[in-house]
Amino acid sequence: MSRRVGVLALQGAFEAHQHVLRGLGAESTQVRTPSDLELVDALVMPGGESTTMSHLLQTCGLFDAIDSRLQQGMPVFGTCAGMILLAKGVLDGRSDQRSFSAIDIDVRRNAYGRQIDSFETDIAVDGLAEDFHAVFIRAPQISRIGSEVEVLARHKESAVLARQGSVMVASFHPELTNDARIHSMFIGLLQEV
Amino acid sequence: MGQAGLVGTLRDMTTSKAISASGPMRVNRGLAEMLKGGVIMDVVNPEQAKIAEDAGATAVMALERVPADIRRDGGVARMSDPEMIEGIKAVVTIPVMAKARIGHFVEAQILQALGVDFIDESEVLTPADETHHIDKFAFTSPFVCGATNLGEALRRISEGAALIRSKGEAGTGNVVEAVRHLRSIIGDIRRITQADSAELFDWAKKLGAPLPLVQEIAETGKLQVPIFCAGGIATPADAALAMQLGAEAVFVGSGIFKSDDPSPRAKAIVEATAHFRDAHVLARVSRNLGAPMTGIGMDKINERYAERGW
């Protein structure tokens, strides 16, 4: 069955995600309103500024709509800022910043430093035969992992790709490389549930 | 290599804008990608920086005077005091940008040393070099540069800019020049996609731009790096206008902190930029914002900053 994957399009790298999803043959639409959300079976939350997205999610009524879909088990994939939005705890965020608590992790914003500290590296990913080239941009770091969370990749000591049920998160940007394997894992997860 | 082979290679290189780059250029174009759909606000002190972040800005541009004041004061406008840039960096969690003069690579070195997230080689400051722009490949930090037309945009990309902004006319509160520049850049991109392979040589000559970059546009229909809009945006409708014309994000300089009530206006412009095609949202956020900055007509300004840059 063909499923429609929405990409949260309030701000950030949503077009880059759509490009990868379309390359995989998935139908992808932009989600800016609660009615856009009703049309999708799964959601990607892109990188961008989490403070901006958190603000816009509340002004357009999407926060509660997404929250209720997440509680019903809608599969979701958050990268970078998207991971911050899905985390249970956010460290070094703004006091009014809200997150969905969809995955039992704590995340520290900008933990890797400023843009000058942004980097790329090859990482080993569970279930992938070859390393994945990961791009980290002012990246957040997972600082605590709940017992129900499966770690799929690490960089040095830190988890950088993780999954709990139908929620998948990455602290890097798989949408910025020509490699669709991680999006493909998410599409696979979508078929499981 | 035959034409078909060349086009094939270019397609492989540019399937996605961020993919054709590697090294610092990939993470730098990547940061530009993350700023899409957002509003970058000029701020002159930590209090304004907080207001901008609270309103949902994706980044702030730290500078000593907004363009409207630079225009009023005259004299030479230079890079801001590092102390003031540090003060702004200390109070916000979003990226901080700062401006260097055109061609002033030492100001850029200083901004990189300060750990500024994006360096704007800006025509709003007084140019330091009337022939050369900064060789941006010599830096790790990303650069944004202004452009009034496609040739200028491609020259800046060939020098290593990770992001282009249409220049508009800073400090005027008048969107007319921003519209002119966006239409020129995006219109020529459209026209190039209709050109045949022989015509591309003439396009490169007319634009004064490297041929491979012109051929790439013919193939992909877009610039290698994101294009944002700057210079004259004062209202939520102005921001949405720029977005509907094809800008991928907006810079707002004097338009926010030279208005009567900056905080609600900043929030409204953020919302208008995200929902730029939704006239109902635009109508809602445009209400009761107080007076925008007064603004000036193009026939009343004594110097066009957009003419700075080569």
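For clarity, every value in this text was computed on a predicted model and none was experimentally measured.
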Exercise. Between B:D120 and B:R165, is a salt bridge (Lys or Arg N to Asp or Glu O under 4.0 Å) present by the stated rule, with each step listed?
Worked result: CA-CA 10 Å; B:D120 184 5; B:R165 55 173 172 75; 2.9 Å; yes

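- Residue contact with chain B, scored on non-hydrogen atoms closer than 4.5 Å, involves the side chain of A:R109 exclusively.
- Side-chain contact check for B:T93 and B:E53: at least one donor-acceptor pair (N or O, by modelled atom type) lies under 3.5 Å.
- The contact between B:A55 and chain A is made entirely by backbone atoms, counting heavy-atom distances below 4.5 Å.
- Of the residues considered (B:D54, B:L35, B:V281, B:V116), B:D54 shows the highest number of contacts with chain A, using heavy-atom pairs under 4.5 Å.
- Within the 4.5 angstrom heavy-atom criterion, no atom of B:R277 approaches chain A.
- There is a side-chain donor-acceptor pair under 3.5 Å between A:S158 and A:Q141.
- Remark: A:R138 pairs with B:D117 by the salt bridge (Lys or Arg N to Asp or Glu O under 4.0 Å) rule, at least two apart or across chains.
- B:A32 does not touch chain A: none of its heavy atoms, backbone or side chain, sits under 4.5 Å away.
- Counting heavy-atom pairs under 4.5 Å between each of A:L10, A:T59, A:V135, A:N110 and chain B puts A:T59 at the top.
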For this session: Could you please spell out the steps behind the side-chain contact (heavy atoms from CB on, under 4.5 Å) verdict for B:E33 and A:E175?
Result: CA-CA 10 Å; B:E33 202 73 23; A:E175 76 281 11; over 6 Å; no

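- Looking at A:Q97 and A:S54, their side chains never bring a donor and an acceptor atom within 3.5 Å of each other.
- When B:Q112, B:K89, B:K267 are compared by the number of non-hydrogen pairs under 4.5 Å with chain A, B:K89 comes out ahead.
- Top candidate by heavy-atom pairs under 4.5 Å with chain A, chosen from B:G37, B:P95, B:A274, is B:P95.
- For a residue to count as touching a neighbouring chain, one of its non-hydrogen atoms must lie under 4.5 Å from one of that chain's; by this rule B:V39 does not touch chain A.
- Of the N and O atoms on the side chains of A:T79 and A:H17, at least one donor lies less than 3.5 Å from an acceptor on the other residue.
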